[in-house]
There are 2 protein chains.
Amino acid sequence: MTKLPLDKPLSISYNATGCNDQERMMMAKTVQTIEDIARLANVSKSTVSRALNDSPLINQETRERIQSLAREYNFRINAPARNLSMRQSHTLGFVSYACSGKNFSAENMFGLELLGGVSDGLRPLGYDLLVVPVEPHDTTWAHQYLNSGRVDGFVLTISTRKQKMINELVNMGIPFILWGFPQPNSSFCTVCGDDVTGGRIATEYLIRTGRQHIGFLGGPMDEIEVKYRHHGYELALQNAGRYLDPDLVVYGDYSHTSGITAMKRLLEQKPDLDAVFVNSDVMALGAIQYIQSCGKRVPEDIAVVGYDDLLLARYNNLPITTIRQNIPLAGKLLAENLIQYIQTGVVTNVNLPVELVIRKTA
Amino acid sequence: MTKLPLDKPLSISYNATGCNDQERMMMAKTVQTIEDIARLANVSKSTVSRALNDSPLINQETRERIQSLAREYNFRINAPARNLSMRQSHTLGFVSYACSGKNFSAENMFGLELLGGVSDGLRPLGYDLLVVPVEPHDTTWAHQYLNSGRVDGFVLTISTRKQKMINELVNMGIPFILWGFPQPNSSFCTVCGDDVTGGRIATEYLIRTGRQHIGFLGGPMDEIEVKYRHHGYELALQNAGRYLDPDLVVYGDYSHTSGITAMKRLLEQKPDLDAVFVNSDVMALGAIQYIQSCGKRVPEDIAVVGYDDLLLARYNNLPITTIRQNIPLAGKLLAENLIQYIQTGVVTNVNLPVELVIRKTA
DNA sequence: GTGAAAGCGCTAACAA
DNA sequence: TTGTTAGCGCTTTCAC
């Protein structure tokens, strides 16, 4: 154990235990502040601060001595004090509408899996993740969390349909990164999947396996991701020389329920349908449920391809053929690129590859 | 708008814009600190602090004047400063092994849904939720997050098998609440489900619907929850005057894979099995997969009852009959009771009711 | 390369 | 009921 300096000047103790700080330390082996470390190392607070932050100013030997002291005494720097002084929280907020209202749910399983990815991506960067629950019509959350100094920025998984909200955030100068596509006339960080390719390869696979009447069961019609997936679907059909039948296209809202009702509509419009590309795994589950309730078989009568490759697609009783999004990578990039933006102002927009995972529904 | 006092004393401005704080405020309508508010209201910082914290000391009229001023200027109190001063973070850490390693996953879907519940429960109490990713063999996380002042306590969803870790936390005096059962000789907060009843009503339902050979497919054998569910299973069997056949009991680890292998073992031991009570929905999915792969039908040949009532039980292609745990309520109580413990030291142990949800697998 | 001191924005004991 | 003042533990000029 490091020898304590005996000739140190007496320092006033503010604790109420009737003994000075050094005695307390020795009793409890508890070192609470950099000042305690400073005393043990016979240096000033500033030197400890520099050593602990790997400042280039500091002497190699001093740094190591202080760091090993800190390790020995199991010292943890006080976050609030550091954050106050630096005017940074070293914390990111994870915003998802599904955090709000009720709770995390299968409807937003995608957001949940992403939360894990972001959390993993953040750790090596020394940032923490705070859950920011947002009520659907609340517009003050950003200001609230940012101006109170609780977070330095936000990871958003809200729909790109919420253009108004996104524009507001941009105008307010709020640092954030969006899971979704960039907008042509405003510049902010994004990470998205390659939805055109996703739609294309799903459809190509269905064509390749001999399907004649391939439906498109989309997410919300005004969502850009959905438009891209639809575009990929059309591309595949055109490349195969097929006719684009508008009756083959219906929209839902990603929910299980909407999967059921949209599938019903689709089958009413096109009774001879023999395949469908669905925009989410959860909707696909609903679609399959409806198909089977009509006495038709999946995939024999109607093949189904989902989207996202959530774990429930894999674990479903009838494992779902789907388009996989690389969620862990997406989370990692969301974390890294937002921090980069906060620190340097560099705006990044990345588009991640997708892949087809063949299981039992197509 | 509130009229600005013109006779206020000049105060030094520390910003670099060449104008004093009041001018800045008027320009940008941005009020950053309680001192800004104090100036506008012609009172001292302490008064503002008291007013904003609803101190009983303060005059009703003063309080309202200050609060409306704060609202008007969209003022948010600085969290790091407040936390530093109060030596509290007003933040709880959500600890789950599934947060670590890879990411949140269906294997720990239960923990995920709980996260939502805790988050919802926390909001009205003015606390935030921080995601604390824990590596399986890391033992420093608690000290790390607590002593750095980032959280005031932890919500744990780790298995009760980790007795050693829990004991360590107790010995270190770490404030936490556990999703699970209390331990006889140490006192800490817990919230758990009524596992005996869960096991009993699941089994009773299977008996009532005419099943003769009812298997028990458990989670980890040494987990107390599993023991209780098994006890409930035995109770139901005994009440019905049935013989307890040890060959009907096998164990897994809650995972999908273990559901498959455990079901295989069970069928090898008891080929005439016609029902099984499974300790988790995810395992039940695995069990059903194996049953069907043997050419048997669910529920005709073998009835299956799961546990938890996760959304994937509801959305499964063959919706699962299961024992529902009230996850939102559990989250709410975990939040409330931990905060109560932190603030008052009161230890609570609550046991939540469960209910049978009948769907298609039994 | 290191130390002294001011300041981050807030709370709370004490004084008035 | 309100104001004054001294911290909370850290970072960061500015001197040495």
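Order of the sequence lines sets the chain letters (A, B, ...), proteins ahead of strands, with each chain counted from 1. Keep in mind the model is a prediction, meaning the values are calculated, not measured.
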- Query: According to a strict under-4.0 Å criterion, is Thr62(A) in side-chain N/O contact with OP1 or OP2 of dT2(C)?
  - Reply: yes
- Give a yes/no on whether any side-chain N or O of Asn53(A) is located under 4.0 angstrom from OP1 or OP2 of dT11(D). yes
- Verify the contact: side-chain N or O of Arg87(A) to OP1 or OP2 of dC10(D), cut-off strictly under 4.0 Å; return yes or no. no
- Query: Within the distance-only criterion (no hydrogens, no angle test), does the side chain of Asp152(A) pair as donor or acceptor with the backbone N or O of His90(A) below 3.5 angstrom?
  - Reply: yes
- Task: Send over the distance from Arg76(A) CZ to dC8(D) P, rounded to a whole Å.
- Result: 22 Å
- Query: CG of Asn147(A) versus C1' of dG9(C): gap in Å, rounded?
  - Reply: 14 Å
- Query: Mapping Ile58(B) and Ala81(A) onto DNA chain D by nearest heavy atom, which one lands closer to the 5' end?
  - Reply: Ile58(B)
- Note on the structure: Which of dC10(D), dT4(D), dC8(D) is nearest the side chain of Leu84(B)? It is dC8(D)
- May I have the distance from Lys45(B) (atom NZ) to dG7(C) (atom P), rounded to whole angstrom? 12 Å
- Query: With Phe154(A), which of Trp141(A), Tyr341(A), Phe176(A) fulfils ring pair (Phe, Tyr, Trp, His ring centres under 6.0 Å)?
  - Reply: Trp141(A)
- Message: Rounded to whole Å, how long is the line connecting atom CD of Gln32(A) with atom C1' of dG7(D)?
- Response: 16 Å
- Message: For the backbone of Ser89(B) and the side chain of Thr91(B), can you confirm whether one donor and one acceptor N or O come within less than 3.5 Å of each other?
- Response: yes
- Rounded to the Å, how far apart are Glu35(B) CD and dC10(C) C1'? 11 Å
- Message: Under a 3.5 Å distance rule, please check whether Asn53(B) uses its side chain to pair with a backbone N or O of Ser55(B) as donor and acceptor.
- Response: no
- Query: Looking only at side-chain N and O atoms, does Ser49(A) come under 4.0 Å of OP1 or OP2 in dT11(D)?
  - Reply: yes
- Could you tell me whether the phosphate oxygens of dG3(C), OP1 or OP2, come under 4.0 Å of any side-chain nitrogen or oxygen in Ser44(A)? yes
- Item | Closest to side chain of Ile34(A), choosing from dT4(D), dG9(D), dT11(D) | dT11(D)
- Any idea which of dT4(D), dT11(D), dT1(D) is nearest the Asn59(B) side chain? dT1(D)
- Message: Using whole Å, what does the distance between atom P of nucleotide dG9(C) and atom CG of Leu52(B) come to?
- Response: 15 Å
- Could you tell me whether a side-chain N or O of Ser46(B) sits under 3.5 Å from a main-chain N or O of Ser44(B), the two making a donor and an acceptor? no
- Item | Distance-only donor-acceptor test (3.5 Å): side chain Arg50(A), base dT13(D) | yes
- Rounded to whole angstrom units, what separation is found between the CG atom of Asp54(A) and the P atom of dG1(C)? 15 Å
- Atom pair distance, as rounded to whole Å: CD in Gln88(B) and C1' in dC10(C): 13 Å
- Message: Of the listed nucleotides (dG9(D), dT11(D), dG3(C)), which one gets closest to any side-chain atom of Thr33(A)?
- Response: dG9(D)
- Task: Between dC10(C), dT4(D), dC10(D), spot the one nearest the side chain of Phe75(A), thanks.
- Result: dC10(D)
- What nucleotide among dT12(D), dC8(C), dG3(D) has an atom nearest to a side-chain atom of Val43(B)? dG3(D)
- Message: If the cut-off is 4.0 Å, is Arg63(B) near the phosphate of dT1(D), judged by side-chain N/O to OP1 or OP2?
- Response: no
- Message: Rounded to the nearest 0.5 Å, what separates atom CZ in Arg150(A) from atom CG in Leu130(A)?
- Response: 7.5 Å
- With the side chain of Ser46(A) defined as its heavy atoms from C-beta on, choose the nearest nucleotide among dT2(D), dC10(D), dG3(C). dG3(C)
- Item | Given dC8(C), dG7(D), dG9(D), the nucleotide with the shortest approach to the side chain of Ser85(B) | dG7(D)
- Is the shortest side-chain N/O distance from Arg82(B) to OP1 or OP2 of dT11(C) below 4.0 Å? yes
